[in-house]
2 protein chains.
Amino acid sequence: MSKTTHREDHLKALYALGHSGDSESEWVSTNQMATHLGVKPPSVTAMVHVLTELGWAEHRPYHGARLTPAGEKLALALVRKHRLWETFLVERLGFEWDEVHDIAEQLEHVDSVALVERLDQYLGHPDVDPHGDPIPKADGTFRNMEGVMPLSELGEFECAVVMGVKANDQTLSAMRDRGLGLGSKLTKNDLVTLPQAWLPQLMVKTS
Amino acid sequence: MSKTTHREDHLKALYALGHSGDSESEWVSTNQMATHLGVKPPSVTAMVHVLTELGWAEHRPYHGARLTPAGEKLALALVRKHRLWETFLVERLGFEWDEVHDIAEQLEHVDSVALVERLDQYLGHPDVDPHGDPIPKADGTFRNMEGVMPLSELGEFECAVVMGVKANDQTLSAMRDRGLGLGSKLTKNDLVTLPQAWLPQLMVKTS
DNA sequence: GGTCAACTTTAGCCAAGACTAAAAAAAAGT
DNA sequence: ACTTTTTTTTAGTCTTGGCTAAAGTTGACC
């Protein structure tokens, strides 16, 4: 991997871990990063220092790291690329949505602004990727995604639609085998028939 | 760049320089490689040793290097990926044919057999890329391209069609400004009105 | 055939990013 | 509050691929 690719991977990890939790805090621990990236903690410390030097992250020793606004902007550009490529792979090349992550992981590091913008246009400026995750626009903002929440947090409902799925490839594959995917309609009954572990992973909207 | 990417770049240089010349010999000098890749000769020597170790090239000290059959197979796979991506960029994303080389250079290093094959299918199994260069098939063979030769070597003719262009991006751009591109029709008159330097670069077929 | 120029290889060094082992700081338990 | 455990950082090493400088080969020109 190039120097740039390594930095981008750490930026993305910082973004993903800082925004994923339900907590408000954006500080990410060294251990979290190391686990997420599949490297040892000292490697993360070293790279965080580099990102700090570049003005993309700030570091509070023995406490954690988080993105600066500049770093966040770069991370969002990466997320945008990743999700646009995933959309391309599924919608145009006919991949299944659980096959595309690793390929998109490589494609997202291709450096060309023109390429991203043309791809976005080619795909018709999609709002969400095949996993239902929103695609940041070129300026880093998201389209409105209100009313979407995990199935586990939904109270009384008659019918809900799957808007996105937050799960690893293996789980995605299992869901697909059960006929579960983007746009699937769910009823109260599914709350008991589906594996309970899936409920927090299914992002739904009542209808 | 990853370990793999570096190796692939040297493989491709070995292929390009070994097959480009009019000469039959496939031996490529260290200096040629260094110039082509934008590195210094000692770096090439070191990488050639690595490729030799991997069984992808053979090295005659102070004489040159060339691909083994195994190395040639790998190089052809890279050429295939490069030209398929160039085709995608021009035909689907609407890039001009003189803008795509650098982007394809990055895309060709993405590692996924399934991706290449799906891309090939998506593009309708094209025989040539936007520069008119033939695209190797998955088994490393080319489709028939007989009757195509540089304009400079064409004798008497009434009308010829441009099948490909072997030029750098700058020249490609200048050609496009003159209305010259894939499929352009040429007459005897063009032999004197076009820049003489272009004649060996224009691959044509009489019609 | 001898000398000189050009090219290639070897030797030795630097940078980036990974690792292990050890030291330092923070958190947890009693 | 003190000790122990966990987490993080520092120190030092390895690998990969680049570089410069020096030594070795080849080949060309008298």
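Within every chain, numbering begins at 1; the chains are lettered A, B, ... in the order of the sequence lines, protein sequences first and strands thereafter.
Between B:Phe88 and B:Tyr122, the ring-plane angle classifies as tilted under the 30° and 60° cut-offs. Aromatic ring orientation, A:His82 versus A:His101: tilted (interplanar angle from 30° to 60°). Ring geometry for B:His63 versus B:Trp27: interplanar angle over 60°, hence perpendicular rather than tilted (30 to 60°). Note on ring orientation: taking the six-membered ring where Trp is involved, the planes of B:Tyr15 and B:His19 are parallel (angle under 30°, cut-offs 30° and 60°).
If you take CH2 of A:Trp27 and P of D:dT8, they are 13 Å apart, rounded to a whole angstrom. Taking atom NE2 on B:His49 and atom P on D:dT16, their separation rounds to 16 Å, with Å as the unit.
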Q: Starting from the C-alpha separation in whole Å, work towards a yes-or-no answer on side-chain contact (heavy atoms from CB on, under 4.5 Å) for A:Lys137 and A:Asp120.
A: CA-CA 9 Å; A:Lys137 293 190 288 180; A:Asp120 182 43; over 6 Å; no

Q: Could you run through nucleotides 17-22 of chain C and give me one letter per nucleotide, 5' to 3': B if any protein heavy atom sits under 4.0 Å from the base, S if only the sugar-phosphate is that close, - if neither?
A: SSBBB-

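Counting heavy-atom neighbours within 6.0 Å of B:Gln196 CD, excluding the residue itself, gives a total above 12.
A donor-acceptor contact closer than 3.5 angstrom is absent between the side chains of B:Ser29 and B:Asn31.
Contact annotation: A:Ser29 does not reach the phosphate of D:dT7 (side-chain N/O to OP1 or OP2, under 4.0 Å). Look at A:Asn31 and you'll find a side-chain N or O under 4.0 angstrom from OP1 or OP2 of D:dT8. Side-chain nitrogen and oxygen atoms of B:Thr45 include none within less than 4.0 Å of the OP1 or OP2 phosphate oxygen of C:dT10.
For B:Asp190 (side chain) and B:Leu194 (main-chain N/O), no donor-acceptor pair under 3.5 Å exists by modelled atom type.
For the contact set between residues 53-62 of chain B and DNA chain C, defined by any heavy atom under 4.0 Å, the members are B:His59, B:Pro61, B:Tyr62.
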